[in-house]
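Provided herewith is a single structure, encoded as structure tokens, for subsequent inquiry.
Proteins come first, then strands; the chains are lettered A, B, ... in the order of their sequence lines, and each starts at number 1.
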Protein chains: 2
Amino acid sequence: MNIVQEESRRGRKKLQRRTLLIEIARRSIATKGLRSLKVRDVAEAAGCSIGSVYNEFGYFDGLILTVNRETVQALTARLTAVPADDPLRQLHGLADAYLGFATEHANLLRSLFEHRMEDDRPFPEDILAMVMDAFALMHAPLVRLLPDRDPDDVALLSRMMFSAVHGIISLGLEERMVAVPPEMLRERLAQFVDTHLAGLGVTRGNQV
Amino acid sequence: MNIVQEESRRGRKKLQRRTLLIEIARRSIATKGLRSLKVRDVAEAAGCSIGSVYNEFGYFDGLILTVNRETVQALTARLTAVPADDPLRQLHGLADAYLGFATEHANLLRSLFEHRMEDDRPFPEDILAMVMDAFALMHAPLVRLLPDRDPDDVALLSRMMFSAVHGIISLGLEERMVAVPPEMLRERLAQFVDTHLAGLGVTRGNQV
DNA sequence: ATTCTTCTTGAACAATGTTCATTTTCGTAT
DNA sequence: ATACGAAAATGAACATTGTTCAAGAAGAAT
């Protein structure tokens with residue numbers, strides 16, 4: 001048998017269906033939320049048996065984790081697409097990009113952060129690492145804005161800032177507990193970033 | 001029959017068991033997480049039938065919601081216990097109290113924020129209101145620190161600040177995706193509050 | 001064509017939420 | 001005290017959903 005899956009006929013079909021399953025699951029999570037995702041629904045929608053889902057992902061959580069993995073990737077792609085020319089604008093761009101992604105894919109993002117493993121199965125390392133990396137994207141522009149600070153300090157600072165942004169957005173987007181009215185969220189977020197930067201001693205025109 | 005439940009013998013027993021059920025559920029959530037809470041476990045631990053749980057709470061989510069309701073109450077109690085003498089110290093106290101509660105009751109707090117209703121049953125209004133109230137507790141001290149600002153502005157500001165704190169803490173406490181190392185969390189949080197206040201133009205000694 | 005490997009299937013099982021007819025409990029009226 | 005009836009408790013039965021696996025189908029290798 002060929003090692004490379006894409007080259008064998010069998011492998012192509014398998015991969016094709018794997019993609020289909022993921023796509024179906026993602027769509028379901030995005031529209032109806034993680035809680036109403038069911039194996040049988042996914043299998044039926046994909047036109048295959050329940051067992052095939054298990055062949056492909058091992059256990060049902062595996063499918064969810066795969067969707068989540070791709071969610072971080074999509075998020076990261078969006079965040080890294082933010083122009084890095086001006087560090088201050090980049091920070092705002094990052095916050096804004098996160099807000100945009102969270103708005104458009106609220107349920108997917110929730111699935112990423114709220115999904116708990118069954119029993120005490122370990123949470124996949126790679127997803128963890130990817131989320132960390134995404135949250136570290138504020139590091140580079142902050143370093144440029146704060147050249148005199150201890151780098152370790154800035155590293156923590158950037159993750160804190162991103163965590164704060166995450167908190168504001170994730171609570172702000174909950175229609176349930178509207179911490180901040182959605183319309184205002186965008187500008188408020190920008191204001192928040194500015195305020196915090198001001199607190200860090202960064203004033204407009206301070207960048208390298 | 002007596003209207004007041006506490007006064008009838010039957011009512012006393014009923015209430016007693018209700019309390020027991022809640023206590024068992026809370027303990028289970030706190031130690032093993034929301035996902036592994038099962039009706040049968042709760043019923044068995046309480047020494048009653050499954051049906052009784054349903055008699056008491058209507059549906060299983062009802063029990064969870066009751067626990068969550070009491071979680072917000074406990075959180076609020078802890079937050080309102082923070083001394084209000086000095087507004088700056090109060091803000092730090094609130095952030096610290098939240099961190100303390102989140103550390104001691106990580107799973108309970110997660111249950112509060114992560115629990116999703118089945119299908120599209122509406123999220124209980126009262127819990128929502130209580131969470132909002134808790135998040136508004138930074139309002140009073142901020143008003144004192146920023147007497148010249150538009151009150152509506154300060155209202156939003158306070159909820160944003162609390163949301164930010166929430167984000168930092170909830171991500172920081174996830175062992176899964178350690179955004180900030182736990183040991184440092186406390187001092188970093190204080191630093192965050194200070195930085196943000198500085199950005200708002202508040203310097204030490206600025207309070208009324 | 002034959003054989004071997006791999007994948008697919010879906011029935012069966014297991015775990016869990018939910019219902020409800022029956023039984024039990026218990027306050028109240030006689 | 002007894003009988004009656006409302007309220008509560010019960011748990012078997014059911015519904016839903018995750019999981020397994022023996023048997024069969026499909027594809028690759030020779």
Using a heavy-atom cut-off of 4.0 Å across all strands, would you classify B:Tyr54 as base, sugar-phosphate, or nothing?
base

Between C:dT9, D:dT10, C:dC26, spot the one nearest the side chain of B:Lys13, thanks.
C:dC26

Without decimals, in angstroms, what is the distance between B:Arg12 CZ and C:dC26 P?
12 Å

Between C:dC7, D:dT19, D:dT10, which one does the side chain of A:Arg121 approach most closely?
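Between C:dC7, D:dT19, D:dT10, the one nearest the side chain of A:Arg121 would be D:dT19.
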
In whole angstrom, what separates A:Phe60's CZ from C:dA15's C1'?
15 Å

Any donor-acceptor N/O pair, B:Ser163 side chain to B:Arg159 backbone, under 3.5 Å
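Yes.
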
Determine, for B:Asp96 against B:Arg78, whether the closest basic-nitrogen to carboxylate-oxygen distance falls under 4.0 angstrom.
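Salt bridge absent between B:Asp96 and B:Arg78.
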
Please confirm whether the shortest side-chain N or O distance from A:Arg17 to OP1 or OP2 of C:dT9 is below 4.0 Å.
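Result: yes.
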
What is the distance, to the nearest angstrom, from the CG atom on A:Asp61 to the P atom on D:dG18?
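My rounded result for the distance is 10 Å.
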
In Å and rounded to the nearest 0.5 Å, what is the CZ to CD distance from B:Arg17 to B:Glu56?
7.0 Å

First locate atom CZ of A:Phe101, then atom CD1 of A:Ile169, and finally report the distance between them rounded to the nearest 0.5 Å.
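Interatomic distance, A:Phe101 CZ to A:Ile169 CD1, rounded to 0.5 Å: 11.5 Å.
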
How long is the line joining CG of B:Asn55 and P of C:dT22, in whole Å?
17 Å

Please name the residue in the list B:Asn68, B:Thr66, B:Val67 that meets the side chain to side chain contact (heavy atoms under 4.5 Å, CB included) test with B:Ile64.
B:Asn68

What parts of residues 35-51 of chain A reach DNA chain C, counting only heavy atoms under 4.0 Å away?
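Hits under 4.0 Å, by residue number: A:Arg40, A:Cys48, A:Ser49, A:Gly51.
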
Gap between atoms NZ and P, on A:Lys14 and D:dA25 respectively (whole Å):
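Distance check: A:Lys14 NZ to D:dA25 P gives 20 Å.
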
Does anything in residues 36-50 of chain B pair up under side chain to side chain donor-acceptor pair (under 3.5 Å), and if so which pairs, sequence neighbours excluded?
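Those involving residues 36-50 of chain B are B:Ser49-B:Ser52.
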
